[in-house]
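Shown next, in structure tokens, is the structure this report addresses.
Labels below follow one simple rule: chain letters A, B, ... track the order of the sequence lines, proteins then strands, and each chain is numbered from 1.
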Number of protein chains: 2
Amino acid sequence: MRILVVEDEPRIAADIREGLERAGYVAEIVADGEAAWFRAETETYDAMVLDLGLPRLDGLGVLRRLRAADVALPVLILTARDGWRERVEGIDAGADDYLVKPFRMEELVARLRAILRRTAGHASPILRAGPVELDTRTRTVSVTGREIDLTALEYRLLAFLLHRQGQVVPAGELLDHLHGSDSDREANALEALLTRLRRKLGPGIIETRRGHGYCVPAEAS
Amino acid sequence: MRILVVEDEPRIAADIREGLERAGYVAEIVADGEAAWFRAETETYDAMVLDLGLPRLDGLGVLRRLRAADVALPVLILTARDGWRERVEGIDAGADDYLVKPFRMEELVARLRAILRRTAGHASPILRAGPVELDTRTRTVSVTGREIDLTALEYRLLAFLLHRQGQVVPAGELLDHLHGSDSDREANALEALLTRLRRKLGPGIIETRRGHGYCVPAEAS
DNA sequence: CGCCGCCTGTCAGCCTCCCGTCAGCCGGGA
DNA sequence: TCCCGGCTGACGGGAGGCTGACAGGCGGCG
């Protein structure tokens, strides 16, 4: 699950990133409305957390443009405590839910899970890349129809790369996702993990881009 | 099975809780519509018992919002004796069944079981996995035809896993469904319970996926 | 009211196997 | 050719999971 977080206050943004990643999501932060609009249009996310009250293009503007462009992305908006008017406008503009600042991280995660569940009907729970299939409901992975056993960490790594199929992901980001950002693990641990995972998947699934990172190539479906 | 009960009258709420727990369900009570909406959206329940005529957001309002949000949760509504109009509106708003107050607890449980069975897609009230058979009406379990007795908790755990046969269920989720979300029980309690249950069932019924959770394998019908 | 049994959470000890580390190798680029 | 980034086999520590023992609690029964 990949979440786009639009928040200009660095402290809060960092908190949200940490909370989401602790809950097993992948968070990407952008700080202003223009960037949010661009990312939401050019990449695929599973949901968006949108602070109203942003520099450049404000949150409501982003939301309206998204809906006008028929982007069905679920959106959770963050509003100030006294932003009663904002909330109403936000819901009218197509937000799926709102949360009043300040809030507890648990609540953010709970509401996010709720709107993800609601929209879960649309997205297939199965991620595919060539001969590899990953079923998020049963947490099973198969290669050319044959089921294989992955450890918890291998599974998370594969799921993450499949969510970002076609993109090159830097090693540092992978480590962050696997262990939280406060990890002093060495890069070699990731390499060892990758070796073990590749052995189970077979060749050609996970590619190395020397100096850049790793990726699962887009098609070959 | 985890049931959300929405009832503002404490006496009745307590009665329902007791009846449901006696029948082997886990009941969580909320007293008003806003709370009901929030809980139903942020947690996962197997069904909801909803009193129409609540403070703040009324029962019908809750139901309409749930259905508008595409939440498929089975809902059983409670209405006053002369609430003919309410009943019709309730069914129109997406309730699965209704019950007229006052009612006998046995009837509530029976109807609940019926709508649970319907929505689970199980035509039969008997759940099977390999040599194990669980009859939800009589609450009996047998292995290769020989009846065994399970404690209340063991039964709940087995029933839940059988309902989600083929899926891997994380330990945290199992604890939620066994005790409700407000439990500070330790993971080890679950492990102890599993040991006792497995001893009665024999090997191969409940599998551990280290780091992922537990599951009853799908095939072996 | 007190005794007794069963259920279930906690604790401690054990076992399995995951995964981080290390050391050495490979291969591409200058 | 050397160097650097990435790969891989081996191994040991430790986390995750299992189980036997025990105790507190609750209901049943005399």
(request) Hey, which sits more toward the 5' end of DNA chain D by its nearest nucleotide, B:Arg209 or A:Tyr214? (result) A:Tyr214
(request) Could you tell me which residues satisfy salt bridge (Lys or Arg N to Asp or Glu O under 4.0 Å) with A:Glu191, sequence neighbours excluded, listed by chain and number? (result) none
(message) Each nucleotide in nucleotides 24-30 of chain C should get exactly one letter: B, S or -. Can you fill that in based on protein heavy atoms under 4.0 Å?
(response) ---B---
(request) Could you list all the ring pair (Phe, Tyr, Trp, His ring centres under 6.0 Å) pairs where at least one residue sits in residues 191-211 of chain A, not counting sequence neighbours? (result) none
(request) Tell me, please, which residues at least two apart from A:Glu41 pass salt bridge (Lys or Arg N to Asp or Glu O under 4.0 Å). (result) none
(request) Tell me whether the OP1 or OP2 atom of C:dC17 has a side-chain N or O from A:Thr151 closer than 4.0 Å. (result) no
(request) Taking the side chain as every heavy atom from C-beta outward, state whether B:Phe38 and A:Glu107 have any atom pair closer than 4.5 Å. (result) yes
(request) Would you kindly give the CG-to-C1' distance between B:Leu157 and C:dC7, to the nearest whole Å? (result) 15 Å
(message) Could you work out, with salt bridge (Lys or Arg N to Asp or Glu O under 4.0 Å) as the rule, every residue matching B:Arg199, not counting sequence neighbours?
(response) none
(request) Taking salt bridge (Lys or Arg N to Asp or Glu O under 4.0 Å) as the test, write out the residues that go with B:Arg104, two or more places apart. (result) B:Glu106
(request) Grab the CG-P distance between A:Leu175 and C:dC19 for me, whole Å please. (result) 14 Å
(request) Using chain A heavy atoms and a threshold of under 4.0 Å, write down where along DNA chain D the contacts begin and end, 5' to 3'. (result) D:dG5 to D:dG9
(request) Assign each of A:Leu190 and B:Glu154 to its nearest nucleotide of DNA chain C by heavy atoms, then name whichever residue's nucleotide is nearer the 5' end. (result) B:Glu154
(message) Does anything in residues 95-118 of chain B form a ring pair (Phe, Tyr, Trp, His ring centres under 6.0 Å)? List the pairs, not counting sequence neighbours.
(response) none
(request) Check whether any side-chain heavy atom of B:Leu52 lies under 4.5 Å from a side-chain heavy atom of B:Leu63, and answer yes or no. (result) no
(message) Please enumerate all residues that pass ring-ring contact (aromatic ring centres under 6.0 Å, His included) together with A:Phe160, with sequence neighbours excluded.
(response) A:His177
(message) Among residues at least two apart in sequence or on other chains, which ones pass side chain to side chain contact (heavy atoms under 4.5 Å, CB included) with B:Arg156?
(response) B:Val26, B:Leu153, B:Leu178
(message) Run the side-chain hydrogen bond (donor to acceptor under 3.5 Å, both in side chains) test against B:His212 and tell me which residues pass, sequence neighbours left out.
(response) A:Arg139
(message) Using a strict heavy-atom distance below 4.0 Å, which residues from residues 191-203 of chain A are in contact with DNA chain C?
(response) A:Ala192, A:Arg196
